[in-house]
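Have a look at the structure below, then the notes.
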Amino acid sequence: MSRHRIIKNMNLDDELDDDAMDDSDEGAAEAKLESAMTAVHLKLGPTSPITDKDIKDALWNYYFDVDESISYLKDEQRKKDKAAGDAIPPPTLLLQTLSLDPTLNPSSTTPLPAKQKLAAKIAAAKAAKLAASSPAPPQIHSAPPPSTTSIPASSSTSSSSKPLSKLQLKQLAAQAARKGLPSTSSA
């Protein structure tokens, strides 16, 4: 209950007067900011691309220290310049340089045979890759040639329509092996 008495007995005018002192501190801070901004402008020069807002932010963050603010601003400007130098120009600028007229387009002056050689190399590489990716059907060495074995007509497929699958080749090899080996069950 004693806390309620403290609040009840509080003088609001005295409390509001304390806030008035903060207004004078803000005026002093604004004066420091303005004097520091003029110092920064003098050191950076009139041709500096750094905006006043960036200068104010730097001064505020470094408690109106002019030298620290200047070093921070210069580092940030170097980073921006480096990023702008590394950036690729927008496509609209590149499109403006293109032309359909071969006499106006400097990129069309490159020799055409070099482009044709490159296209031929790429086509040859694609053909070699395609040939290497299609494997030949595996050969079965343990089975006798198909002409000497008798395979029922229902299990054989015509070789002209499509090649045998791996499973069919294994089955044919197993059948040939069974026919060629004597039975081991009679002992």
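Computed over heavy atoms, backbone and side chain alike; hydrogens, waters and symmetry mates excluded.
Judged purely by atom type and a 3.5 angstrom limit, Ser35 uses its side chain to pair as donor or acceptor with the backbone of Lys32.
Of the inter-residue distances, the one linking His41 atom NE2 with Ile55 atom CD1 reads 4.0 Å to the nearest 0.5 angstrom. With values rounded to the nearest 0.5 angstrom, Glu30 atom CD is found 9.0 Å from Lys56 atom NZ. Taking CE of Met37 as the start and CG of Leu33 as the end, the distance is 6.5 Å to the nearest 0.5 Å. Note that the CG atom of Leu44 and the CD atom of Gln77 stand 9.5 Å from one another [nearest 0.5 Å].
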Which atom pairs, one a donor and one an acceptor, fall under 3.5 Å between side chains of residues 60-68 and the rest of the protein, sequence neighbours left out?
{"residue": "Asn61", "atom": "ND2", "partner": "Asp57", "partner atom": "O", "Å": "3.2"}
{"residue": "Asp67", "atom": "OD1", "partner": "Lys43", "partner atom": "NZ", "Å": "3.0"}

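Across Ser69 and Ala58, no two heavy atoms sit closer than the pair OG-O, 3.3 Å.
Using a 4.0 Å cut-off between charged nitrogen and carboxylate oxygen, Asp75 and Arg78 count as a salt-bridge pair.
Considering only heavy atoms from C-beta on, Ile50 stays 4.5 Å or farther from Lys74 through its side chain. When side chains are defined from C-beta on, Asp54 does not count as touching Glu76, because their heavy atoms never get closer than 4.5 Å.
Through ILVMFWY side-chain contacts below 4.5 Å, Leu42 is grouped with nothing and stands alone.
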